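Input: a single structure, listed below in structure tokens.
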Amino acid sequence: MLQIYNTLSRQKEYFRPLHEGRVGMYVCGPTVYGDAHLGHARPAITFDLLFRYLQFLGYKVRYVRNITDVGHLEHDADEGEDKIAKKARLEQLEPMEVVQYYTNRYHHDMEALNVLPPSIEPHASGHIIEQIAFVQRILDHGYAYISNGSVYMDVEKYAKDFPYGKLSGRNLEDIVTDTRELDGQDEKKHSYDFALWKKAAPEHIMHWPSPWSEGFPGWHMECSTMGTKYLGEEFDIHGGGMDLMFPHHEAEIAQSCAALGHESVHYWMHNNMITIAGKKMGKSYNNFITLQQFFNGDHHLLTKPFSPMTIRFFILMAHYRSTVDFSSEALEAAEKGFARLQEAYTRLQKIQPADKTTVEIGDLRNKCQDAMDDDLNSPMVLQALFDSARAINTIYDQKASISSEDLDELRKVWKDYAIDILGLRLGDEMANDKSQMSNKMSAFNGAVDLLLDIRLDAKRNKDWATSDKIRNNLTELGFQIKDTKDGYEWTL
RNA sequence: GGUCGGUUGCCCGAGUGGUUAGGGAUCGGUCUGCAAAACCGGGGACAGCAGUUCGAAUCUGCUACCGACCUCCA
């Protein structure tokens, strides 16, 4: 049975959905004012893994991942400028052009990583009315106050009735003493009060009418609003990066409790950070490498380009609650490991069954399931698959055999866990879609086969010069030639 | 300063109180015209100190170092 680590209780808990057979999950998506970097891939892949596994288990899952396209201020002050508005000003674009541009690019990158699209991808800007209503509810319940056209959460009042800080393990006293003095906070009662609605400064481009002022919703409002709109006042899972735990998720809890009188989320899940030289990779450190840069190798820390599947594999090699330290060296190791897995999968499709199984194929399916049930332990799943790869290679080398039933089961486990759950594209699309292969492609394949047939003849005649010339020249062109017992294999 | 987490072999990274993680690299062997791939095998580890225990990398305490959050951040 699936166990997931709940940040609220700081331990693994058995997952029991609110409604039999159905799961609602909400994950904090990107703020679309720049290209997605490796750090963005982590939650996307982590919760994609969860999404896929829940579906595999038979749940009907509604997965909501938002697009933040309004409301994140650069500074916590009146003069603060919206990130998207700033980008729009700098690039002389409509804010919505910026939003659309980076949203498209985000989708493109996610597709490359084989991250499934969520069920609903709501935009903050498309839910202003709902957010205003949400703020109004908090006001009605007395947990917020209006100041100079802005609405602020009255954290002190709230903390008297609800445990503020329970998610991140803070108490109000700590926050009082530790919050820095920032400018432009005069209109707040306390520095730890946070904005629910912000009055727009005259030069602010993005603003909407509200009962309180022409302005925009506070930073944390969209998730509370859209989560409950699409998943209900209570739902199962809320995910996001650890760096969002405080203040973002803490504020979400406070908003929900203040508006609804109870919490919304049952299981809070947080993925850890990707580090680079031990430091968190992030916008604020300006040490990030975008996914596009990985894909085309265009960064001084990268020795070469890395395929999206190498990136996905690299992230899955570590458990989602551990930090992962990026380095080009680590990625190269991941690339080779992934190639090994791919190779085994390709061979698995070619294996011919025999009368009986003479190799230990073990309880692969159980191992994979146990690993996934244990808080999505993808490294353990991969370990099991690698063990299985060894067995597959042995069979492929005809040093062992496998029965028809065992082979079917083995193929099914790989399909279920490697392809469907881990979401690895193991590159058999060509083999499976022969019918859809273009004429050009099949002509090309035929030409390469022809060359290697000639080489095979040369080898039989012990004409090593011709044989090596063909192989070396093809290798130079990027082909990988492997001799087999009585033939050859090639890949590009 | 507060809260939380980490420290595993050459590198990346799992893990359980007693039994091989896995991947990469490396070394040796098998196979091969050579190569590649594959297979077999080897070496190499749990930050330090103290404690609990028959037994601890795994539990407890202390120390050192690193990091995250406390401001936007995935």
Side-chain angles (χ1 to χ4, degrees), chain A residues 7 10 27-31 33-34 36-47 72-77 80 83 165 168-171 173-180 182 192 219 239-248 250 270-275 278-285 288 313-314 317-319 321-327 329-341 343-344 347 371 374 377-387 389-390 392-394 396-397 399-400 459 462-464 467-468 471-472 475 480-485 488-491:
Chain A
T7 308
R10 302 200 177 267
V27 172
C28 290
T31 305
Y33 66 111
H37 60 72
L38 188 60
H40 292 97
R42 189 94 195 261
I45 289 171
T46 296
F47 294 106
H72 281 212
L73 291 182
E74 289 260 310
H75 306 287
D76 183 17
K83 287 174 173 177
S168 55
R170 282 153 223 264
N171 58 56
E173 290 158 26
D174 293 339
I175 299 170
V176 172
T177 51
D178 297 332
T179 302
R180 296 183 203 175
L182 296 166
Y192 47 69
W219 328 330
M242 270 186 181
D243 50 354
L244 296 180
M245 233 161 80
F246 190 91
H248 184 57
E250 204 72 72
H270 292 95
N271 62 275
N272 214 318
M273 300 293 106
I274 287 180
T275 58
K279 269 254 187 290
K280 172 187 167 186
M281 180 182 284
K283 279 242 159 65
S284 44
Y285 293 115
F288 59 91
F313 180 83
F314 173 70
M317 282 260 286
H319 187 257
R321 283 192 288 114
S322 301
T323 54
V324 179
D325 197 50
F326 152 81
S327 69
E329 194 188 0
L331 268 186
E332 282 178 47
E335 184 175 52
K336 286 179 185 159
F338 178 61
R340 185 175 152 84
L341 220 52
E343 185 73 26
R347 291 178 171 183
D374 185 12
N377 197 325
S378 53
M380 292 256 278
V381 177
L382 288 171
Q383 174 191 327
L385 289 173
F386 273 114
D387 288 341
R390 181 163 299 151
I392 289 169
N393 287 329
T394 308
Y396 186 77
D397 278 0
K399 288 175 183 157
K459 277 177 65 182
K462 298 200 190 298
D463 179 2
W464 309 129
S467 155
D468 286 353
R471 185 179 65 198
N472 293 342
T475 303
Q480 194 176 31
I481 313 300
K482 292 179 199 168
D483 287 354
T484 58
K485 215 158 203 158
Y488 53 81
E489 290 175 0
W490 64 271
T491 51

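Every value quoted in this text rests on a predicted model; they were computed, and no experiment measured them. Numbers restart at 1 for each chain; the letters A, B, ... are given by sequence-line order, proteins then strands.
Residue contacts for A:M317: at a heavy-atom cut-off of 4.0 Å it reaches a base atom on one of the strands shown. The residue A:T46 sits apart from the nucleic acid: no heavy atom pair falls under 4.0 Å. Contacts of A:V324 with the nucleic acid, taken as non-hydrogen atoms under 4.0 Å apart, involve only primed sugar atoms and P, OP1 or OP2. Nucleic acid contact for A:I481: base, since at least one base atom lies under 4.0 Å from a heavy atom of the residue. Heavy atoms of A:M273 sit under 4.0 angstrom from at least one base atom. Residue A:L331 is classed as having no contact, given no heavy-atom separation below 4.0 Å to the nucleic acid. Within the 4.0 angstrom heavy-atom criterion, base atoms lie near A:G39.
When the side-chain nitrogen and oxygen atoms of A:R390 are compared with OP1 and OP2 of B:C40, one or more of them lie within a distance under 4.0 Å. Here A:N472 does not reach the OP1 or OP2 of B:A35: none of its side-chain N or O atoms lies under 4.0 Å away. Between A:K336 and B:A25 there is a side-chain N or O to OP1 or OP2 distance below 4.0 Å. Close to B:G13, at under 4.0 Å from its OP1 or OP2, lies no side-chain N or O of A:S322.
Between the side chain of A:R471 and the base of B:C34 there is at least one donor-acceptor pair of N/O atoms closer than 3.5 Å. A donor-acceptor contact under 3.5 Å links the side chain of A:S467 to the base of B:G33. Taking only distance into account, the side chain of A:D325 never meets the base of B:G13 through a donor-acceptor pair shorter than 3.5 Å.
Using a distance-only test at 3.5 Å, with no hydrogens or angles considered, a donor-acceptor pair links the side chain of A:T475 to the main chain of A:R471. Using modelled atom types, one side-chain atom of A:T275 and one backbone atom of A:V324 make a donor-acceptor pair closer than 3.5 Å. A:R42 places a side-chain N or O within 3.5 Å of a backbone atom of A:N272 that can act as its donor or acceptor partner. Using a distance-only test at 3.5 Å, with no hydrogens or angles considered, no donor-acceptor pair links the side chain of A:E489 to the main chain of A:K482. Remark: the backbone N or O of A:N377 is not paired with any side-chain donor or acceptor of A:D374 at under 3.5 angstrom.
A salt bridge is absent between A:E332 and A:K336: the closest approach of a Lys/Arg side-chain nitrogen to an acidic carboxylate oxygen does not fall below 4.0 angstrom.
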* Pairing pattern in dot-bracket form [Watson-Crick, G-U; both distances under 3.5 Å; | = partner strand] for RNA chain B -> (((((((..(((.....[...))).(((((.......)))))....(((((..]....))))))))))))....
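In this structure, of B:A68, B:A14, B:G22, it is B:A14 that holds the atom nearest to the side chain of A:M380. Closest contact between the side chain of A:A318 and the listed nucleotides B:G24, B:C73, B:A14 involves B:A14. Listed nucleotides B:A36, B:A74, B:G23 differ in distance to A:L244; the shortest reach to its side chain belongs to B:A74. In this structure, of B:C39, B:G33, B:A21, it is B:C39 that holds the atom nearest to the side chain of A:T394. For A:R170, taking side-chain heavy atoms from C-beta onward, the closest of the listed nucleotides B:G67, B:G2, B:A74 is B:G2. Distances from the side chain of A:N393 to the nucleotides B:A14, B:G22, B:C39 place B:C39 closest.
Taking NE2 from A:H319 and CE from A:M380, the interatomic distance works out to 9.5 Å, rounded to the nearest 0.5 Å. From A:I392, atom CD1 reaches atom CD of A:E343 across 11.0 Å, with rounding to the nearest 0.5 Å.
A cation-pi contact links A:K283 to A:Y33, judged by a cut-off of 6.0 Å to the six-membered ring centre and 45° from its axis.
Rounded to whole Å, the distance from OH on A:Y285 to P on B:A74 is 13 Å. Rounding to whole angstrom units, CZ of residue A:R347 and C1' of B:A37 are separated by 6 Å. Between A:K399 atom NZ and B:G29 atom P the separation is 16 Å, expressed in whole Å. The CG atom of A:D397 sits 5 Å away from the C1' atom of B:A38 (whole-angstrom rounding). One atom, CZ of A:R321, and another, P of B:G6, lie 9 Å apart when rounded to the nearest Å. For the pair A:H319 NE2 and B:A14 C1', the interatomic distance rounds to 10 Å; values are reported in whole Å. Rounded to whole Å, atom C1' of B:C34 lies 10 Å from atom NZ of A:K459. Straight-line distance from the CD atom of A:E489 to the P atom of B:A38: 11 Å, rounded to whole Å.
Residue A:K280 is the one, among A:K280 and A:N271, whose nearest nucleotide of RNA chain B lies closer to the 5' end (criterion: closest heavy atom). The residue among A:D243 and A:Q383 whose nearest nucleotide of RNA chain B is located toward the 5' end is A:Q383.
For the P atom pair drawn from B:G48 and B:C54, the interatomic distance equals 24 Å after rounding to whole Å. Rounded to whole Å, the separation between the P atoms of B:A21 and B:A37 comes to 26 Å. Here the separation of B:A68 from B:C11, taken at their C1' atoms, is 24 Å to the nearest Å. Only the C1' atoms considered, B:G24 is 30 Å distant from B:G17, to the nearest whole Å. Here, B:G9 and B:U58 have their P atoms 15 Å apart, quoted to the whole Å. For the P atom pair drawn from B:A74 and B:C69, the interatomic distance equals 12 Å after rounding to whole Å. Between B:G6 and B:G44, the distance separating the two P atoms is 29 Å to the nearest Å. Only the C1' atoms considered, B:U60 is 45 Å distant from B:G28, to the nearest whole Å.
Here the closest non-hydrogen pair linking A:K280 and A:Y285 is O-CD1, 3.2 Å.
Stacking between A:W464 and B:G33 is shown: the ring centroid lies under 5.5 Å from the centre of the six-membered base ring, and the planes differ by under 30°.
Relative orientation of the A:F338 and A:F313 rings is tilted, given thresholds of 30° and 60° on the angle between their planes.
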